[in-house]
K.L.:
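This is the structure, below, for whatever I ask next.
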There are 2 protein chains.
Amino acid sequence: MRDVADAPKETIRRLLFYLRQLDCMLREGKERFSSEDLAEVLRMNPAQIRKDLSYFGEFGTRGVGYNTEQLANELRSILNLNKRWEFVLVGVGNIGVALLRNPELRKQGFEIVMAFDKDPRVIGKTIGEVTVEDVSHLRERVEQAGTRLAIIAVSVESAQEVGDSLVEAGVEGILCFAPCSLTVPKTIRLVPIDIAMELGLLVYGL
Amino acid sequence: MRDVADAPKETIRRLLFYLRQLDCMLREGKERFSSEDLAEVLRMNPAQIRKDLSYFGEFGTRGVGYNTEQLANELRSILNLNKRWEFVLVGVGNIGVALLRNPELRKQGFEIVMAFDKDPRVIGKTIGEVTVEDVSHLRERVEQAGTRLAIIAVSVESAQEVGDSLVEAGVEGILCFAPCSLTVPKTIRLVPIDIAMELGLLVYGL
DNA sequence: AAGTGTGAAAGCATTCACAGCA
DNA sequence: TGCTGTGAATGCTTTCACACTT
């Protein structure tokens with residue numbers, strides 16, 4: 001076993017990918033598998049899977065393979081996914097509403113506990129489990145609740161301002177759907193999802 | 001200038017990223033910049049930017065820098081984004097509706113021209129510009145229209161079946177929001193967006 | 001003087017190949 | 001025998017550093 005810190009950045013993304021597939025295998029009742037089995041459905045090299053896992057421990061049995069449920073638990077523990085994570089949502093437009101109504105996230109352990117918008121027509125409405133609040137209360141509410149994670153789903157025009165408020169409020173990680181770069185301190189974790197960019201990737205070379 | 005085929009996979013993703021920032025700079029009226037300027041806001045190495053561009057040509061002026069609008073046009077041409085792209089959407093749930101109502105995509109040149117669902121309560125409804133059709137007509141309708149690109153926004157349970165129909169219908173690229181792996185021929189381009197996985201990435205090591 | 005374009009070097013990540021264990 | 005775990009080799013990508021152009 002290597003040092004966990006040596007694990008390439010992409011390894012973490014792949015561990016999440018493996019975990020997703022393991023959950024799928026469990027639903028199908030597949031209790032055991034080899035790195036070759038998994039590599040085949042995921043279309044990758046089996047050595048890559050073994051190496052990725054080896055940064056964190058020895059989870060398999062030589063000559064046999066891996067136990068699906070056991071490895072899923074190990075991965076959840078490595079990835080910090082064996083607990084519930086609370087999020088604050090800023091921007092209750094099309095995407096924000098989709099997230100609030102999406103039962104999949106809660107199923108995976110992610111829960112939106114507060115939502116904010118600036119539009120008076122939306123403020124006060126209850127969507128899913130939360131009631132939308134005025135974004136002018138964002139900073140104090142988040143600071144007081146101690147929420148560590150946020151989702152930005154506002155327009156490009158408001159994104160930086162919202163990001164600044166979240167950082168001031170003490171948020172440590174931000175998932176951002178706004179199609180623009182956000183400037184935040186290096187200590188803040190930022191994961192962007194830009195749907196138009198992904199469509200662009202799809203279209204390249206077609 | 002190197003051969004375009006030598007460009008690393010990640011270079012394409014970064015070109016899209018540069019283009020997005022260039023559009024932002026244009027809105028702010030910034031007509032010229034150096035690789036160092038751009039690298040600073042994007043928090044990256046200026047040499048990386050120059051090298052990425054060098055796979056596709058020489059777009060700058062030594063001693064001066066790059067012209068924002070001109071480079072944006074070049075990038076759009078390299079990335080095939082100087083034309084409109086039509087998509088078919090399958091699955092008009094929370095995410096599907098958000099995409100149909102999202103004006104940002106159309107602004108970027110991506111247009112959803114057909115939408116399908118299996119739920120009779122949704123079929124026949126008009127959302128945004130399109131009327132939702134019965135998914136049982138998916139294959140014939142897409143084949144006949146010759147649509148090359150699709151977005152899958154259905155549940156895990158239906159995703160593979162929908163993917164198969166799309167492939168049969170002749171689709172060449174698929175953006176998939178379903179949180180599961182999809183098996184498609186190697187000739188089909190597949191870009192997955194799994195929001196729960198991105199949240200997992202955000203949470204790792206926190 | 002300023003900033004691009006690019007070989008060469010350095011730094012990473014992936015794959016191979018096989019020792020080691022059940 | 002079968003499959004894991006892993007050092008070593010291979011293959012990529014990023015960064016450096018400087019010749020070159022305006």
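Order of the sequence lines fixes the chain letters, A, B, ..., with proteins taken first and strands second; residue numbering starts at 1 for each chain.
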K.L.:
Answer yes or no: does a side-chain N or O of S35(B) lie under 4.0 Å from OP1 or OP2 of dT4(C)?
P.N.:
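For S35(B), the contact criterion (side-chain N or O under 4.0 Å from OP1 or OP2 of dT4(C)) is met.
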K.L.:
F110(A) vs F87(A) aromatic rings, parallel, tilted or perpendicular, using cut-offs 30° and 60°?
P.N.:
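Ring orientation, 0 to 90° scale: perpendicular.
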K.L.:
What's the CE-P distance between M44(A) and dA13(C), to the nearest Å?
P.N.:
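Those two atoms, CE and P, are 14 Å apart.
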K.L.:
For R32(B) and dT22(D), give me the distance from atom CZ to atom C1', rounded to whole Å.
P.N.:
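Between C1' of dT22(D) and CZ of R32(B): 11 Å.
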K.L.:
Are R14(B) and dT13(D) close enough that a side-chain N or O sits under 4.0 Å from OP1 or OP2?
P.N.:
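The answer is no; no side-chain N or O of R14(B) sits under 4.0 Å from OP1 or OP2.
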K.L.:
Judged by atom type as modelled, is there a donor-acceptor pair below 3.5 Å linking the side chain of W85(B) to the main-chain atoms of R148(B)?
P.N.:
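Not a single qualifying donor-acceptor pair exists.
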K.L.:
Out of dT22(D), dT14(C), dC16(C), which nucleotide sits closest to the side chain of Q48(A)?
P.N.:
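Within the option list, the nearest is dT14(C).
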K.L.:
Please identify which of these residues, D37(B), V64(B), T61(B), meets the side chain to side chain contact (heavy atoms under 4.5 Å, CB included) condition with R32(B).
P.N.:
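Only match with R32(B) under side chain to side chain contact (heavy atoms under 4.5 Å, CB included): V64(B).
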K.L.:
Nearest to the side chain of S54(A) - dT15(C), dG5(D), dG5(C)?
P.N.:
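Selected nucleotide (nearest to the side chain): dG5(D).
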K.L.:
Whole-Å distance between dA2(C) P and Y66(B) OH?
P.N.:
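Rounding to the nearest Å, OH of Y66(B) and P of dA2(C) are 18 Å apart.
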K.L.:
Looking only at side-chain atoms of R62(B), point me to the closest of dA19(D), dA22(C), dG7(C).
P.N.:
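Selected nucleotide (nearest to the side chain): dA19(D).
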K.L.:
Should the side chain of R50(A) and the base of dG5(D) be counted as holding a donor-acceptor pair, with the cut-off at 3.5 Å?
P.N.:
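Yes, the side chain and the base share a sub-3.5 Å donor-acceptor pair.
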K.L.:
With a 4.0 Å limit, can you tell me whether Y55(B) has a side-chain N or O closer than that to the phosphate oxygens OP1/OP2 of dT14(D)?
P.N.:
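Y55(B) to dT14(D) OP1/OP2: no side-chain N or O under 4.0 Å.
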K.L.:
Could you state the CZ-C1' distance from F59(A) to dC3(D), rounded to the nearest angstrom?
P.N.:
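To the nearest whole Å, that distance equals 17 Å.
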K.L.:
I need the NZ-P distance between K51(B) and dA17(D), as an integer number of Å.
P.N.:
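After rounding, the reported distance stands at 14 Å.
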K.L.:
In whole angstrom, what separates Q70(A)'s CD from dT4(D)'s C1'?
P.N.:
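Atom CD in Q70(A) sits about 14 Å away from atom C1' in dT4(D).
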K.L.:
Please work out which of the three classes, parallel, tilted or perpendicular, describes the rings of Y204(B) and F56(A), given edges at 30° and 60°.
P.N.:
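Aromatic pair F56(A)/Y204(B) classed perpendicular.
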K.L.:
Closest-nucleotide mapping onto DNA chain C: is A47(B) or V64(B) further toward the 5' terminus? I mean the 5' end.
P.N.:
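On the 5' side of the pair lies V64(B).
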K.L.:
Rounded to whole Å, please give me the gap between CZ in R13(B) and C1' in dC12(D).
P.N.:
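Roughly 18 Å, once rounded to whole Å.
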K.L.:
Starting at atom CG of N67(B), determine the distance to atom P of dT4(C), rounded to an integer number of angstrom.
P.N.:
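Result: 13 Å.
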K.L.:
Mind checking T11(A) for me? I need base, sugar-phosphate or nothing, with any heavy atom below 4.0 Å counting as a touch.
P.N.:
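Nothing, no nucleic acid heavy atom in range.
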K.L.:
Taking the nucleotide of DNA chain C with the closest heavy atom to each, which residue, N45(A) or A7(A), is nearer the 5' end?
P.N.:
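Between the two, 5'-proximity favours A7(A).
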K.L.:
Taking atom types as modelled, is there a side-chain donor on N73(A) or E69(A) under 3.5 Å from an acceptor on the other?
P.N.:
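Note: N73(A) and E69(A) side chains miss the donor-acceptor criterion.
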